[in-house]
Amino acid sequence: MEAVVFVFSLIDCCVLIFLSVYFIITLSDLECDYINARACCSKLNKWVIPELVGHTVVTALMLISLHWFIFLLNLPVATWNIYRFITVPSGNMGVFDPTEIHNRGQLKSHMKEAMIKLGFHLLCFFMYLYSMILALIND
Amino acid sequence: MSVPAGSPQPAASARSPPQLGGAAALGATAAAPAGPGATPPQQNGPAQNPVPVLPGYGLPSQSYLAPSGAGKMTSLPLGGQCGSYYPGLYAVPSSSVGTPPTANHPGAPQVFGRAAPVPPAMGPTPGSLHGAVPPAPHLHTSASQPYPAFVNHYNSPAMYSASSPVASQGFPSTCGHYVMPAVSNAACASVSYPSLPAGDPYGQHMFTSQNAPAGRPLREPSLSGPKPATSHLSPLPPAPPAPPQQYHQQQSVSGFNTLSWSAAGLPPAQDNLSRNHTGSLVTTNNNPPSTVADSLSCPVVQNAQPPKSSPVVSTAFSGTSSTRTTPPAATHPAEPVASVPQPPELLQQKGMQFGDYVNNRASSAPTPLSSTSDDEEEEEEDEEAGVDSSSTTSSASPMPNSYDALEGGCYPDMLSSSASSPAPDPVPEPDPTPALTTSQSSKIAKPFGYGYPTLQPGYQNATPPLTSGAQPSNTVYPGFQQYAQQYPAVNQLSSSLGGLSLQSSPPPESLRPVNLTQERNILPPTPVWAPVPNLNLDLKKLNCSPDSFRCTLTNIPQTQALLNKAKLPLGLLLHPFRDLTQLPVITSNTIVRCRSCRTYINPFVSFIDQRRWKCNLCYRVNDVPEEFMYNPLTRSYGEPHKRPEVQNATVEFIASSDYMLRPPQPAVYLFVLDVSHNAVEAGYLKILCQSLLENLDKLPGDSRTRIGFITFDSTIHFYNLQEGLSQPQMLIVSDIDDVFLPTPDSLLVNLYESKELIKDLLNALPNMFTNTRETHSALGPALQAAFKLMSPTGGRVSVFQTQLPSLGAGLLQSREDPNQRSSTKVVQHLGPATDFYKKLALDCSGQQTAVDLFLLSSQYSDLASLACMSKYSAGCVYYYPSFHTTHNPSQAEKLQKDLKRYFTRKIGFEAVMRIRCTKGLSMHTFHGNFFVRSTDLLSLANINPDAGFAVQLSIEESLADTSLVCFQTALLYTSSKGERRIRVHTLCLPVVNSLADVYAGADVQAAICLLANMAVDRSISSSLSDARDALVNAVVDSLSAYGSTVPHLQHSGLMAPTSLRLFPLYVLALLKQKAFRTGTSTRLDDRVYAMCQIKCQPLVHLMKMIHPNLYRIDRLTDEGAVHVNDRVVPQPPLQKLSAEKLTREGALLMDCGSVFYIWIGKGCDNNFIEDVLGFPDFASIPQKMSHLPELGTLSSERARSFITWLKENRPLSPILHVVKDESPAKMEFFQHLIEDRTEAALSYYEFLLHIHQQICK
């Protein structure tokens, strides 16, 4: 059972890693002026909810399977994701708003955020991998 | 960097531009609906069958759609959902619309037949190109492809090799075309039709040089007929050039155009507010003291200098020394001091020699330039035109282009010779003595500037150390000795222009500490001018006018740390498309730009030798293209530093086809009019139609100009105005959920071909809806329709809305709680409620369409949401609260005047603006109406002369290795005549490394405007109280930071440097401004509108809005009056905005930018009331009075000429209110008295104490 949980988490984590990389690539495309802000933001906004759901599911799964440490590790990031999604002003076109992304260093902070998440997911990846192997051996 | 390629059309650019161009042009002519949902093919098919149409405007849409079976339009037989409504209103043949002579007879059956002929093949083509645009992100990604293409094109070295640019652009050998048709864009600020003269003078060139791109034929008619050169001179006459004899002589002899001197001398010195558009020369006018400060030190430095560089220099200077004594400032009439007599013969001689040199050059030059011989005749004409129109400024004194030499040896890639010279002392002296450094720079620069014009190859090789470019000419080439001596002489002249200085005391006036709490009259009696950057005189002269381009700190701090310490905002305020009275327009095949950062060549670049120039933004060394070597003004070869691009900080280029992604679009105007009951009741239609009828011929545009109308209530009405119809036909689309265009063409029609129909429609419109009972407003769908209609071409959409949109997409709910209007706590709903309008604006922006919003509402209309449609599409917002034609005549009059300006002002289409700044600085936030497409590129679908922008800057890298930083904005736009033009402004500022200097250079007005912009952002993203706190903190922080720099200051009071002495006052004014005030009842829409204004007004207008000017006008005298166009304009002193100035006996005029108040005291002299107002006594003055009668009395004349003069200086004609002391309207007036205490806000003195308290804490 435990192995199944971690296998699922592992897969989910891979998806999240890919998403983070995708975010980084797209944002840096925007930074280098390869795509325009409108295109960039509509691309990214599409993936905000999948990312949020994916991460929340893992977090919930950890809570259910009573892996407290991993749950607590995931909790801040999941909270941040939800908070960020909820606090989008009604007039904005999503977490990434093309009219504001070039203002007040937003692009940089988005980039930083994506980088941090990538690091976090990588960490989680190895943790899940380890736990999965451990669980498989125990089985 | 990519070329600021104009039309961003992503899909379009994904294809090969020429192809697209063709398609777009076809689409334009066919007016094919390229919008995504329009599905032209299907519609066209069935539409082939002529469909019977009922008489009148009520079109049976059902029958129209039936064949197609698409069911897009809800079937509308007369008895349908709107049946009871439409037949009654519209189906009556000629009663509702019947007013026009071409009566309203059923001529309609052909309508759809007309629609049919749209070439069926045409439909799909534009559709495939444009249709996919908005929803397809992958197309956007590919949008970047053309950019690199352009870049490559440009970057390929071949382009810059001597002759290839000509060939590679496919232009016939007209490369010598360098013309100064000049001035053409000139427009007096208040003159209504600025763009008329534009573009004419270069007609010839356009024909010769720009035939290459296909798809142009449409433009040509517009280009015909060069304008008589005399028209260019028109701005000049009123000015009696101050010291005529000197510079005229010089002009006559020196062989190149010095007319600019007269331009500079043109305005009487006091007049600079209105006249100082003359470009770079302006700065000297503005701030005599600091010019003066520089100059005294000049001679000293000059004397010190020669020994430093090299022995040879002394010989070079020996020539100089003879002329050094000449008081050169005499040539600069703008300087009040210019009266020093200059020995005429001396100048004459100089000029002769100079001319001599030029001639030598011309004759002896090897002239590799092919064009000189080819197009001799034509060019001569052009030059004449150029000289006559004289938009070039200041070619009289040669330019020190190499101030760069000061930059502390940061030329890694310079000439080897530069390396050999042991970095000629250029260590940028910190600024206690900035004058010293700068004058040194000029010193160094000058000889250098003259050294290179030689053509002899050996000469270049011999070029020794940078500092002494002139020296080899003395020694090595004796033949050139003569001119080598002349040049320094002239030089000397210009450098010692500053020699008239009075004092050079190290602590400048702007640093003098002022005790704010003790200084009772902080407001100066004269208007506050922009501080002049502390540059050397030549650079100062060349620098961009502060009206166009201003920085909050005229001394840029060296590092971000220093900036943080100063606690002042760093940013730029731009007014790029301002109406200019003088503007050099340059037609040139190659627009010289830096190859790495794409900066346009400008007065602040340095020429390393005659073949290379160093970019002042990225420091890359570039080649000077062959064409640039020829100076048409002097008709000489090898003087790139005298080209107008290098002599003017503001220039305009006629761009070649490289700067187009499609053929320049025609001017297209679409009016989207609310005709619901509310709108009809308000009665704006009559004013609008009347105004449009009057100005129909003055709409900027060429023969391709197109115009269209859409009206809407709960349905959308289109108007078929196709030429040949006997009357306009109304097509009604009632399916607002899925809007489509009823007929693909003939909704936007050529203005000239269908003029009669348009006039008929405009005459009929105001009466067409008089009986309407429809209260709903489907604004969103109407906008979608407008977008579809405009997307093939782009252009301007003017939306008139009178209420909350209540139907279809984009409907809004009332969010305002009237009880919260005077809340001191939270002001909610400052941001948009929906992203519909934002998305629409971005779509529009992508298709080069701008949406201008006129909101004429009597109640809450959620401007915060609606304004988004203009904000992101680079439109503008006009708001007329409680508008009603009869109940509120002053608003009606305002609308009328605003519309006049709106219709006739200059307009630029499909524009982009790029702002570049010196390496080390970076921009991080932009304010204004536009869409930021990439980090430094603003996409402006339209640009108008009343739009201002602000940019916040940060210092990324230390600027220690440079002494000057430059900012350049390039605005690429399509003029209404269908020309692609680039307007370039360049601003140059010194870098300082001490906190005191940063304060000395602070520009308080610019800072306050930037802070206001930031505060608007803050109040929307965070909260109003946050923004208010931030404003107060800005003052507290900066003043306390200043206090800490001046240790010996007694802390008895609140100290501020003179440059910032108005800072607390202005911040208090901001806090009491409608946008930010709390406690006073403010309607949400009013507040939001004030915020919109702050964001998009240029600085001059914004300052009046923030801090109005108050004058006492009952005792106007001619003392200190200025003369403008034979009128004497009195100049009363400014009064502070406090009730203490409102004496019972007085009459005061308050200038709030968009509105004037004349306050009449109870005890006001009856003579004044009778002479000026035309009433016998105070009691008989009516409550509502908005005009001053034209009376023959002296005081009336004075008052009127003063008010007219004030009005002349702004685009929107303000309305005038006469406010009696007792009238209820006086509250309006009193709320602007910001120094007084109100129930909710502090008085100025209390505010100072509050700040002081905060600082001491």
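These numbers were taken from a predicted model, which means no experiment stands behind them.
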Excluding sequence neighbours, so at least two apart, what forms ring pair (Phe, Tyr, Trp, His ring centres under 6.0 Å) with B/His829? none
Please round to the nearest 0.5 Å and tell me the distance separating atom CG of A/Asn36 and atom CG of B/Leu842. 9.5 Å
What heavy-atom pair brings A/His102 and B/Arg933 nearest, and what distance separates the two atoms? NE2-O, 3.7 Å
Positions in residues 922-931 of chain B that reach chain A, provided some heavy atom is under 4.5 Å away: B/His924, B/Thr925, B/Phe926, B/Phe931
Spacing of CG belonging to B/Leu937 relative to CG belonging to A/Asp33, to within rounding of 0.5 Å: 7.0 Å
Check whether any side-chain heavy atom of B/Gln952 sits under 4.5 Å from a side-chain heavy atom of A/Asn103, and report yes or no. no
If every non-hydrogen atom of A/Ser90 is compared with every non-hydrogen atom of B/Pro832, which pair is closest and at what distance? OG-O, 2.8 Å
What distance do A/Arg38 atom CZ and B/Ser845 atom OG have between them, rounded to the nearest 0.5 Å? 9.0 Å
Locate the shortest heavy-atom distance separating A/Ala37 from B/Val932; write the atom from each residue and the value. CB-O, 4.1 Å
Check the pair A/Asp97, B/Lys838 against side-chain contact (heavy atoms from CB on, under 4.5 Å), reporting the backbone distance first and the verdict last. CA-CA 10 Å; A/Asp97 190 275; B/Lys838 193 185 240 181; 2.9 Å; yes
